[in-house]
Amino acid sequence: MEIYLPAHPPFSFYAVVNSHGWVQLAPFQQDETEQRLTYIDRLSSGRVVVYIIHALDSGVQLHSESDLNTAEQAEAAHKVIWMLGLQQDFSEFYAMASSELELSHVIERAQGRVLRCPTLFEDVIKTILTTNTLWAATIRMTSNLVQLYGEPLPSEPSRHAFPTPERLATLDEATLRAEARLGYRAPYVLALAQASASGKMDLEALKDPDLPTPELRKRLLAIKGVGGYAAANLLNILGRYDYLPVDSWAMKMVSQEWHQGELIGPAEVDAAFERWGKWKGLAYWFWKWKQ
DNA sequence: GGTAGACCTGGACGC
DNA sequence: GCGTCCAGGTCTACC
């Protein structure tokens, strides 16, 4: 199966794939040329397939198993369009960024899109695994979940899809702590999986563009393990940039940029980007920091 | 609403 | 090799 998927211009495959660390987390894999991204997905039909995504000037070429039926092809295309944000339009942000020296690069590099997972369930789990830990541990915990509980790709059994809520819901907290090494995050992951598997929580409904951002944030904060930082991160992934994911790194960067290295808090980080309004998350994300 | 302390892992460091 | 310290957000209890 070969499908050409056009993007709303301007588009840069490199920019979206390397927008943040998600590309380093299984079941994503980027090849050394950085012109090809692969992802192992479990389709709603139950088939586990690989998406091989090639960069093109004006979009991407999606390659997958040749015998996908029409419905499976449509599902694969729909997911890849979402994952790469191919239909996102950043012209309003670019108009504002053009007058800011520290953001002028975003236009020529076509930055703005952030790589996301096909399901919000996967994005939420991965975000929880980024909290209160080092990035190396996030990579390890995600890899453990995928390798231990994800379904294998038939043509390459060493690679697995991200585990479904139903599969994770069958586990218990002790197993997630001991096998996947999730630590105190284990009950959060388990509770989310159980709520999603039972239908009590419909995370995909949160992708509704008509949902007001404050309401969306409230629903994200209601998930155990998701606090202010994680919620803001997820809002950015969902295309809402009104809140900043303030972590220790953000406070350090803003302190160096505008407060001569003095100790600052989340309020100062927020104030630094207030003028960017609904685009503040993007302005923060792509700001050219003084290192 | 604000604050303190616990949660857990793994890397860095000293012995 | 072992023990200790520390970084990293969120939750809960308490004021």
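All of these numbers come straight from a predicted model, not from anything done at the bench.
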(request) May I have the step-by-step check of side-chain hydrogen bond (donor to acceptor under 3.5 Å, both in side chains) for A:Gln24 and A:Trp135, ending in yes or no? (result) CA-CA 10 Å; A:Gln24 298 172 36; A:Trp135 180 243; 2.8 Å; yes
(message) One pair to check against side-chain hydrogen bond (donor to acceptor under 3.5 Å, both in side chains): A:Tyr4 and A:Ser58. What are the steps and the verdict?
(response) CA-CA 10 Å; A:Tyr4 166 63; A:Ser58 54; 2.8 Å; yes
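- For the contact set between residues 223-248 of chain A and DNA chain C, defined by any heavy atom under 4.0 Å, the members are A:Ile223, A:Lys224, A:Gly225, A:Val226, A:Gly227, A:Gly228, A:Tyr229, A:Ala230, A:Asp247, A:Ser248.
- Of the N and O atoms on the side chains of A:Ser12 and A:Arg113, not one donor lies less than 3.5 Å from an acceptor on the other residue.
- A side-chain donor from one of A:Glu179 and A:Tyr149 sits under 3.5 Å from a side-chain acceptor of the other.
- A:Ile128 has its CD1 atom 10 Å from the P atom of C:dT10, to the nearest Å.
- In summary, of the residues considered (A:Trp258, A:Trp279, A:Phe286, A:Trp285), a ring-ring contact (aromatic ring centres under 6.0 Å, His included) with A:Phe273 occurs for A:Trp258 alone.
- Note: CG (A:Leu221) to P (C:dT10) measures 9 Å, nearest angstrom.
- Judged by closest nucleotide on DNA chain B, A:Asn132 is the one of A:Asn132 and A:Arg181 placed further toward the 5' end.
- Taking a heavy-atom distance under 4.0 Å as the criterion, the stretch of DNA chain B touched by chain A extends 5' to 3' from B:dC7 to B:dG11.
- Under a cutoff of 6.0 Å and an axis angle of 45°, A:Arg116 and A:Trp22 do not form a cation-pi pair.
- Ring-plane geometry between A:Tyr241 and A:Phe90 is classed as tilted, the angle between the planes lying from 30 to 60 degrees on a 0 to 90 degree scale.
- Checking A:Asn236 against A:Tyr284 by side-chain atom types alone, no donor-acceptor pair falls below 3.5 Å.
- When rounded to the nearest whole Å, the span between CE of A:Met253 and P of C:dG8 equals 11 Å.
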